[in-house]
Amino acid sequence: GRFEEHEKEILNMNVQQEALRRNYNQLVELKHVLEKDDAFFSKAGQRDEELGGKVDIEEAGGGKGLCFISGVVVRDKFQLFERILFHAARGNIFMKFAEISEEIFDPVDVERLVKK
């Protein structure tokens with residue numbers, strides 16, 4: 001009776017700790033994505049101002065299907081991800097990536113993941 005209750009409590013605490021780690025990792029990743037995106041678009045805005053104002057992409061003829069993707073990928077799977085994006089975009093891709101300096105741990109294995 002009493003040992004089973006303690007065992008259930010401990011198992012529940014482990015599940016909750018794993019969920020908290022996963023949530024923390026997602027927030028850290030989101031923070032880094034937002035910081036890197038802000039830096040990228042700030043530089044693009046500065047460069048645009050140096051060229052004398054806003055460039056109208058539609059007038060330049062390249063506005064069809066222009067979009068961006070940002071996110072976090074485990075470093076070991078980055079090359080595969082890059083190839084998939086290249087093929088999906090039929091080679092029409094500009095890729096920029098940055099390392100995440102903060103360590104992120106896998107909540108299940110509790111091992112360090114290096115991400116981009």
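Keep in mind that this is a model prediction, so the values were computed, not measured.
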Path from Val73 to Phe97 over hydrophobic side-chain contacts below 4.5 Å: yes
Hphob cluster co-occupancy, Tyr24 + Val72, side-chain heavy atoms under 4.5 angstrom: yes
Inter-residue atom distance Leu30.CG - Asn25.CG, 0.5 Å rounding: 12.5 Å
Spacing of Ile100 atom CD1 and Arg75 atom CZ [to the nearest 0.5 Å]: 10.5 Å
More than 12 heavy atoms of other groups within 6.0 Å of Met13 CE: no
In one Ile/Leu/Val/Met/Phe/Trp/Tyr side-chain cluster, 4.5 Å: Leu34, Ile69: no
Distance in Å, Glu7 CD paired with Leu11 CG, rounded so as to fall on 0.5 Å steps: 5.5 Å
Inter-residue atom distance Ile10.CD1 - Lys8.NZ, 0.5 Å rounding: 13.0 Å
Side-chain donor/acceptor of Glu5 to backbone N/O of Arg2, under 3.5 Å: no
Pairwise distance CG(Asn14) to CD(Glu18) - rounded to 0.5 angstrom: 8.5 Å
Counterpart residues, side-chain hydrogen bond (donor to acceptor under 3.5 Å, both in side chains), relative to Asn23 (two or more places apart): none
Non-hydrogen side-chain atoms of Phe81 and Met95 separated by less than 4.5 Å: yes
Lys31: salt bridge (charged side-chain N to carboxylate O under 4.0 Å, His left out) partners, not counting sequence neighbours: Glu102
Nearest-0.5 Å distance, CZ of residue Phe68 to CD1 of residue Ile93: 13.5 Å
Shortest non-hydrogen contact between Val33 and Ser70, atoms and distance: CG1-OG, 3.6 Å
